Amino acid sequence: MTAARFIIVAIDGGAASGKSSTSRALSERFHLLHVDTGSFYRAITAELLRRGVSASDLRAVRTSVAGLTLGTDLVGRSACMTIDGRPIDAAEIRSATVNGEVSRFAAIPEIRTALLAYQRGQAEVARKAGFHGLVMEGRDIGSVIFPQADFRFFLYADPLERAKRRALEGQTDSIVERDRLDTQRRTAPLACPPGATAIDSTHLSLDQVVEFVSKSIEAAGTPA
Ligand code: DC
């Protein structure tokens with residue numbers, strides 16, 4: 001690996017499977033831009049709900065989404081979405097209302113299409129900001145957004161364990177229902193893509209998951 005090497009790490013998995021904690025740790029360890037694509041779907045969901053648009057009104061969804069201007073602010077090592085120049089409200093996008101609605105909005109093809117180029121564009125954001133690559137977490141990163149990513153991992157964990165993790169974060173989340181909707185949708189469903197490394201984190205600590213993933217990256221030569 002040369003000093004100029006720029007790596008893309010894809011971390012996919014279901015709700016509360018440990019993607020965010022793992023991605024943040026990797027971002028720090030390898031100086032990668034951290035991109036949480038779930039926060040993008042959440043931000044759009046919150047924005048549309050604020051405008052009174054429901055996921056069942058496809059025409060209103062299409063019109064509203066087409067009119068949004070998406071930008072990116074760098075906050076520490078993370079890429080944070082702006083909508084029409086405004087930063088998103090971190091508390092609002094983690095609210096019980098957004099938790100309950102986000103999978104319905106994320107299943108709408110026009111919303112996924114609107115986010116496709118935006119998500120791929122994060123590689124340029126990372127390059128310009130001098131990161132050694134990016135770690136992007138979501139549901140379809142290794143399958144649709146960056147199928148050629150240098151490293152692709154798929155995290156899963158027992159639903160009871162995941163519910164415990166959310167409760168510890170003080171959140172109300174419909175994990176099983178979201179996974180059902182995310183897995184069954186037609187466009188870019190949640191699935192471990194062929195060739196990705198699946199990791200069952202049910203009985204692993206965060207440190208153990210990060211260690212395992214880091215070793216795989218280091219085995220190929222650390223970036224820069
Ligand atoms: O990662 P998260 O739980 O914050 O994601 C919120 C929702 O966004 C999730 O239920 C499905 C959707 N999502 C998606 O469809 N595709 C992604 N790449 C990321 C999230």
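Everything numeric here is computed off the predicted structure, so don't read it as measured data. Below, each value reflects all heavy atoms present in this structure, side chains not excepted, and no hydrogens, waters or symmetry copies.
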Residue pair Arg166 / Asn99, side-chain donor-acceptor N/O under 3.5 Å = no
Could you tell me whether Glu177 and Arg180 make a salt bridge, using a distance below 4.0 angstrom between a side-chain N and a carboxylate O?
-> yes
So, do Phe105 and Arg42 sit near enough that their side-chain heavy atoms are less than 4.5 Å apart?
-> no
Are Thr197 and Phe212 side-chain neighbours, meaning at least one heavy-atom pair lies under 4.5 Å?
-> yes
Between Leu115 and Leu70, does a side-chain contact (heavy atoms from CB on, under 4.5 Å) hold up when you go through it step by step?
-> CA-CA 9 Å; Leu115 278 177; Leu70 305 181; 4.0 Å; yes
Check whether Ile108 and Leu49 end up in the same hydrophobic cluster, where Ile, Leu, Val, Met, Phe, Trp and Tyr are linked by side-chain heavy atoms less than 4.5 Å apart.
-> yes
Within the side chain of Asp150, is there an N or O that forms a donor-acceptor pair under 3.5 Å with the backbone of Ile8?
-> yes
With a 4.5 Å limit on heavy-atom distance, are the side chains of Ile11 and Leu26 in contact?
-> yes
Could you tell me whether the side chain of Ser27 and the main chain of Leu32 form a donor-acceptor pair under 3.5 Å?
-> yes
Between the main-chain N or O of Gly71 and the side-chain N or O of Tyr118, is there a donor-acceptor pair closer than 3.5 Å?
-> yes
Answer yes or no: is there a side-chain heavy-atom contact under 4.5 Å between Ser23 and Asp36?
-> no
Same cluster or not: are Met81 and Leu68 linked, directly or through other Ile, Leu, Val, Met, Phe, Trp or Tyr residues, by side-chain heavy atoms under 4.5 angstrom apart?
-> yes
Establish whether Met136 and Val125 are linked, either directly or via other cluster members, by ILVMFWY side-chain heavy-atom contacts under 4.5 Å.
-> yes
Got Glu92 and Arg50 here, is their nearest side-chain heavy-atom distance under 4.5 Å?
-> yes
Polar contact flag, side-chain donor to acceptor under 3.5 angstrom, Thr183-Arg178 = no
Report yes or no: does Thr37 contribute a side-chain atom to a donor-acceptor pair with the main-chain N or O of Glu137 at less than 3.5 Å?
-> yes
Measure from NZ or CZ of Arg77 to the centre of the six-membered ring of Phe131 and say whether it is under 6.0 Å with the direction within 45° of the ring axis.
-> no
Yes or no on salt bridge (Lys or Arg N to Asp or Glu O under 4.0 Å) for Arg29 and Glu211, after CA distance, side-chain angles and deciding distance?
-> CA-CA 10 Å; Arg29 187 148 170 172; Glu211 225 23 65; 3.1 Å; yes
Side chains of Asp207 and Ser205: donor-acceptor distance under 3.5 Å anywhere?
-> no
Leu190: hydrophobic cluster co-members (side-chain, 4.5 Å) | Phe154, Tyr156
Do you know the tightest heavy-atom contact between Ser143 and Asp12?
-> N-OD2, 4.4 Å
Provide the closest heavy-atom pair for Thr202 versus Ala157 in the form atom of the first, atom of the second, distance.
-> OG1-CA, 3.3 Å
Side-chain donor-acceptor pair under 3.5 Å between Gln122 and Thr72, yes or no?
-> yes
Can you spot which of Arg104, Arg112, Arg139 makes a salt bridge (charged side-chain N to carboxylate O under 4.0 Å, His left out) with Asp182?
-> Arg139
Compare all side-chain heavy atoms of Phe30 with those of Ser214 and state whether any distance is below 4.5 angstrom.
-> yes
Indicate yes or no for a side-chain donor-acceptor contact from Arg51 to the backbone of Val53 under 3.5 Å, with no hydrogens or angles considered.
-> no
Would you check if the side chain of Ser17 reaches a backbone N or O of Gly14 as a donor-acceptor pair within less than 3.5 Å?
-> yes
Please step through side-chain contact (heavy atoms from CB on, under 4.5 Å) for the pair Ser95 and Glu101, ending with a clear verdict.
-> CA-CA 10 Å; Ser95 67; Glu101 287 291 322; over 6 Å; no
Do Leu134 and Val9 come close enough that some side-chain heavy atom pair is under 4.5 Å?
-> no
Could you tell me whether the side chain of Arg165 and the main chain of Leu160 form a donor-acceptor pair under 3.5 Å?
-> no
